[in-house]
Each structure stands twice: as structure tokens, then as C-alpha cells.
Amino acid sequence: MSPIAVIDFETTGISPGMGDRATEVAIVMLEGGQVVDRYQSLMNAGVRVNSFITQLTGITNEMLQAAPPADQVMREAARFVGGRPMVAHNASFDKKFWQDELSRCGQDASHPFACTVLLSRRLYPQAPNHQLGTLAAYHHLPSTGRAHRALADAETAAYLLAQMQHDLQARHGCGRVDHALLMGLQRVSRHAVGAFLRQRAASPVLESGL
DNA sequence: TGCCAGGCCCTCTTTAGGGCCTT
């Protein structure tokens, strides 16, 4: 199965449109249910983090001052991802920062994003909630380190995605759980999930996205 | 002057409102 790039950003806030910038990025490659490669770096975008962000993430202004420039890090990140499809937990958030940071250094950011929050809402409606930490505990995912650091959260999201791929195959009979299937699943309404999965299980040709 | 994300989803809905999820 083709690799999928699972990404997580730490940032100064929630909106690049309001001037927020990325402070750390991590990307893990998931292939065949296994993490096969990793990229992680703090980045110096010339901005400061407030005490709330430092308390949440453990990332300090001293750490950012010593970090490589943001444009250098983002070029490396883009090279690492290449043309692979991407996944993030609450992808609308990470996609905004991916596009904003890459546009600042003239890089293409047209990668398709699948979202583990949308997928979790469809596959695990019985979960207490769909926060990353809650889902990690709910599925007994491997411990990855401090939450709210980019690499730990990206690895947790990757393990969550691997769990989803496993469940789609084992419980729903989907043969090949590729990125195209994930994009299709997250687009259907909650009420249409069962019909969508039955159709995919019965039509393996469609699963390749062809 | 005051306010300031935004896409998704549910419901006491659809000419709307509010919660979730990310930092």
C-alpha cells in the first residue's frame, strides 16, 4: 500500500489568518500499518509564543530562537512529503498552516488531506469524544511521548489511522484501505456510512480510486 | 468602536444556533 504522510503542527495560535505561525512540524510516513519514516523540527518564524502555548506544548521562546529558519524547515518538510497524500487530526487546522507556511516560501501545497476527526466520527460514533488523546486511550494506542509536541501527536494520529485501516478491513470487509477510500468515507454523511462501506467492500475496483 | 478561525455536525433545524476540534 502506498505511504501516507501524517502531519502535525504546533503553532502560536489557531489562525494563520490572524497572524499565527507554526513553531514545530512533524510528519510520519505510514505504510502497511507501520510507521516507516519520520521528520520533525522546531522552526523559527520570527515570532514569540505566549505563556499559554509554552505551558501547553513545552515549547519556549529560547527553543524557537535556537531553531532553524521556518522557510528552511518547510522546504525540508515538503521534500520529505513529496507528492504523497496527507492525513491530520482535524485536518482543516493543519492544512491551513501547511498551505500558509509553504506559500511563504513559494512551495506547492496542493496535497489532498484526509481528516482523522471526520473519519473517527463516522467509524467510532460511540467514542466519548474525538480528541486525539481520548481516541488514543479508547483504542489503547501505543504511547508516543508528550502530547502537544508535534512528533508525539503525529505518531499518535498515524497509529489511529492504522487502527482505522485495520477496522475497515477486519470489520467492514474493505480490501484496500487507501487514501482515496478515506477521502470518500469522510465525505459521506453519518447516515450513509454503512451503505458506503458495503459498496466499497463489494466493489474492490472502486477502492483504488480509479 | 467592537470584534476577530473555520469547517463540520447535531438538533428543540433548514430564513439557525451552538458545540466540537485543532494551537
Side-chain angles (χ1 to χ4, degrees), chain A residues 5-28 40-64 67 70 73-74 77 86-104 109-139 141 144-161 163-164 182-196:
Chain A
V6 184
I7 189 169
D8 186 78
F9 278 108
E10 302 306 316
T11 70
T12 63
I14 55 176
S15 175
M18 298 290 287
D20 291 318
R21 297 292 304 272
T23 56
E24 186 180 40
V25 62
I27 301 155
V28 301
Q40 177 273 331
S41 182
L42 289 163
M43 65 176 84
N44 183 354
V47 294
R48 296 179 63 81
V49 289
N50 60 34
S51 58
F52 170 78
I53 294 295
T54 295
Q55 191 166 19
L56 178 70
T57 66
I59 296 172
T60 66
N61 287 303
E62 291 70 27
M63 293 163 67
L64 295 181
V73 172
M74 290 306 300
M86 303 183 76
V87 166
H89 195 69
N90 198 26
S92 65
F93 175 87
D94 291 283
K95 184 179 180 181
K96 278 188 303 185
F97 280 96
W98 178 250
Q99 293 175 335
D100 182 74
E101 294 293 345
L102 284 181
S103 71
R104 291 174 181 272
S110 59
H111 305 72
F113 269 74
C115 176
T116 47
V117 173
L118 297 181
L119 293 167
S120 180
R121 285 173 177 163
R122 283 156 180 74
L123 291 175
Y124 313 115
Q126 73 281 12
N129 60 56
H130 301 279
Q131 296 174 24
L132 186 59
T134 301
L135 292 171
Y138 181 76
H139 292 291
L141 301 180
T144 59
R146 177 182 173 137
H148 296 297
R149 285 302 299 266
L151 184 57
D153 283 1
E155 287 193 334
T156 298
Y159 289 134
L160 175 59
L161 177 59
Q163 180 73 48
M164 291 174 174
L182 298 172
M183 293 293 286
L185 177 57
Q186 73 177 20
R187 286 192 189 106
V188 301
S189 77
R190 179 176 62 114
H191 307 288
V193 167
F196 175 86

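A, B, ... follow the sequence lines: proteins, then strands. Residue 1 opens every chain.
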Residues in salt bridge (charged side-chain N to carboxylate O under 4.0 Å, His left out) contact with A:Asp20, at least two apart in sequence or another chain: none
Between CD1 on residue A:Ile59 and OG1 on residue A:Thr23, distance to nearest 0.5 Å: 4.0 Å
Pairwise salt bridge (Lys or Arg N to Asp or Glu O under 4.0 Å) hits with a residue in residues 86-99 of chain A, at least two apart: none
d(CZ, A:Phe113; C1', B:dG7) in whole Å: 14 Å
Nearest-Å distance for atom pair CD/C1', residues A:Glu10 and B:dT23: 7 Å
Straight-line distance of A:Thr54 OG1 to A:Leu64 CG, nearest 0.5 Å: 8.0 Å
C1' gap between B:dT11 and B:dC3, integer Å: 28 Å
A:His139: ring-ring contact (aromatic ring centres under 6.0 Å, His included) partners, not counting sequence neighbours: A:Tyr124
Contacts of A:Ser41 that satisfy side-chain hydrogen bond (donor to acceptor under 3.5 Å, both in side chains) - sequence neighbours left out: none
For A:Asn129, all residues meeting side-chain hydrogen bond (donor to acceptor under 3.5 Å, both in side chains), sequence neighbours excluded: A:Thr134
With A:Ala45 via side chain to side chain contact (heavy atoms under 4.5 Å, CB included) - residues at least two apart: A:Arg21, A:Val47, A:Ala70
A:Asn90, nearest nucleotide to its side chain (from B:dC4, B:dG6, B:dT23): B:dG6
side-chain hydrogen bond (donor to acceptor under 3.5 Å, both in side chains) partners of A:Gln131, counting only residues at least two apart: none
Earlier contact from the 5' end, DNA chain B, for A:Gly13 and A:His191: A:His191
Rounded interatomic separation in angstrom, taking CG from A:Asp20 and P from B:dG6: 11 Å
Distance, P atom - from B:dG18 to B:dC4, rounded to whole angstrom: 14 Å
C1'-based separation of B:dT13 from B:dG19 [nearest Å]: 15 Å
Carboxylate-amine/guanidinium proximity below 4.0 Å for A:Glu10 and A:Arg149: no
Touch class at under 4.0 angstrom, heavy-atom based, for A:Asp94 against every strand present: nothing
Strand-adjacent residues in residues 46-54 of chain A, judged by heavy atoms under 4.0 Å from DNA chain B: A:Phe52, A:Ile53
Residue whose nearest DNA chain B nucleotide is more 5′ - A:Ile14 or A:His130: A:Ile14
Below 3.5 Å between N/O atoms, which protein atoms pair up with nucleotides 1-3 of chain B? Just atom names and distances, please.
none

Sugar-phosphate, base or nothing in reach of A:Arg121, heavy atoms under 4.0 Å: base
From CZ (A:Arg187) to CZ (A:Phe196), nearest 0.5 Å: 9.5 Å
Side chain of A:Asp8 - closest among B:dT23, B:dC4, B:dC21: B:dT23
A:Arg146 CZ - B:dT23 P separation (whole Å): 12 Å
Strand-adjacent residues in residues 148-158 of chain A, judged by heavy atoms under 4.0 Å from DNA chain B: A:His148, A:Asp153
Touch class at under 4.0 angstrom, heavy-atom based, for A:Gly17 against every strand present: nothing
Spacing of A:Gln99 atom CD relative to B:dA5 atom P, expressed in whole Å: 19 Å
Interatomic distance, A:Arg21 CZ vs B:dA5 P [rounded to whole Å]: 19 Å
Separation of B:dT22 P from A:Phe97 CZ (nearest whole Å): 14 Å
Partners passing salt bridge (charged side-chain N to carboxylate O under 4.0 Å, His left out) against A:Arg48 (at least two apart in sequence or in another chain): none
Minimum-distance nucleotide to A:Arg190 side chain [options: B:dC4, B:dC10, B:dC21]: B:dC10
Touch class at under 4.0 angstrom, heavy-atom based, for A:Asn129 against every strand present: sugar-phosphate
Atom-to-atom span, CD of A:Gln131 to P of B:dC8 - whole angstrom: 20 Å
Nearest-Å distance once atom P is located in both B:dC20 and B:dC12: 16 Å
Nearest listed nucleotide, side chain of A:Leu56, among B:dC8, B:dC21, B:dT23: B:dT23
Residues that A:Phe9 engages under ring-ring contact (aromatic ring centres under 6.0 Å, His included), provided they are two or more places apart: none
Distance, C1' atom - from B:dT15 to B:dG2, rounded to whole angstrom: 27 Å
